[in-house]
Amino acid sequence: QVQLVESGGGLVQAGGSLRLSCAASGRTISSYNLAWVRQAPGKDREVVAGISKSGSRTYYTDSVKGRFTISKDNGKNTVYLQMNTLKPEDTAVYYCAADAGYGLGVRIENYDNWGQGTQVTVSS
């Protein structure tokens, strides 16, 4: 199993930026499809962005396209989420998730390795 630890969350004003990091240990991230998943208060978790094992495919939910960028550094065994032009509706706990299966999944059910989450709060 891979262990995932997120960092980089915090409080930011609307229009600002944050970069989340997810450091993996136990297994190399090149063996996993990776995703950032968020859960806002009172809402279900949603896959915000994903990147395939090879890094050749990415996925973004519509509400973050053009503002968020997922990337990974296999040498550092770390995946990132660069978040720009943040909005109050981006406020949520952000989780890093990994899936060893075939193909980049865009559903919560695809992922079976999870970090503990990091809080992102965007003030208006």
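None of these values were measured; they are calculated from a predicted model. Below, all heavy atoms of this structure are taken into account, side chains as well, without hydrogens, waters or symmetry copies. One is the number of the first residue; the rest follow in order along the sequence.
Atom CG of D99 sits about 11.5 Å away from atom OG of S52, to the nearest 0.5 Å. S54 OG to N33 CG: the interatomic distance, rounded to the nearest 0.5 Å, is 8.5 Å. Here the CZ atom belonging to R67 is positioned 9.0 Å from the CG atom belonging to N84, to the nearest 0.5 angstrom. One distance of note links CD of Q119 with OH of Y94; it measures 9.5 Å at 0.5 Å rounding. For the atom pair CG (L81) and CH2 (W36), the distance works out to 6.0 Å, reported to the nearest 0.5 Å. If you take SG on C22 and CD on E6, they are separated by 5.0 Å, rounding to the nearest 0.5 Å.
Between the side chains of S63 and T61, not a single donor N or O lies within less than 3.5 Å of an accepting N or O.
Here the shortest heavy-atom pairing between A40 and T91 reads CB-O, 3.6 Å. The two residues S17 and Q82 come nearest to each other via the heavy atoms CB-NE2, 4.0 Å.
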Stepwise side-chain contact (heavy atoms from CB on, under 4.5 Å) check, L86 with F68: CA-CA 9 Å; L86 282 160; F68 290 12; 3.9 Å; yes

Kindly indicate, with the supporting measurements, whether the criterion side-chain contact (heavy atoms from CB on, under 4.5 Å) is fulfilled by V2 and Y32. CA-CA 9 Å; V2 63; Y32 294 87; 3.8 Å; yes

In sequence, state the C-alpha distance, the side-chain angles, and the governing distance for N113 and Y111, and then conclude on side-chain contact (heavy atoms from CB on, under 4.5 Å). CA-CA 6 Å; N113 296 276; Y111 295 89; over 6 Å; no

As a quick check of understanding, evaluate side-chain contact (heavy atoms from CB on, under 4.5 Å) for V122 and V120, giving each step before the final call. CA-CA 7 Å; V122 184; V120 172; 4.2 Å; yes

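The environment of Q116 atom CD is dense: over 12 non-hydrogen atoms of other residues, nucleotides or ligands sit within 6.0 angstrom. More than 12 heavy atoms of other residues, nucleotides or ligands sit less than 6.0 Å from atom CD of E109.
The hydrophobic cluster containing Y60 does not contain L104, counting ILVMFWY residues as joined when their side-chain heavy atoms lie under 4.5 angstrom apart, directly or transitively. Both L20 and V12 belong to a common hydrophobic cluster when Ile, Leu, Val, Met, Phe, Trp and Tyr are linked at side-chain heavy-atom distances under 4.5 angstrom.
Remark: R45 qualifies as a cation-pi partner of Y95 under the 6.0 Å distance and 45° angle criteria applied to the six-membered ring.
Checked against side chain to side chain donor-acceptor pair (under 3.5 Å), N77 has no partners two or more places apart in sequence or in another chain. For K72, the side chain to side chain contact (heavy atoms under 4.5 Å, CB included) criterion is met by I29, L34, I51, N74, V79, not counting sequence neighbours. The side chain to side chain donor-acceptor pair (under 3.5 Å) check on S124 picks up nothing, with sequence neighbours excluded.
Residues K87 and D90 are not paired through a salt bridge, judged by the lack of any N-O separation under 4.0 Å between the basic side chain and the carboxylate.
Partner of M83 under the side-chain contact (heavy atoms from CB on, under 4.5 Å) criterion, chosen from V64, L18, T69, V48: L18.
E46 places no side-chain N or O within 3.5 Å of a backbone atom of Q39 that could act as its donor or acceptor partner. Between the side chain of K53 and the backbone N or O of Y102 there is no donor-acceptor pair closer than 3.5 Å.
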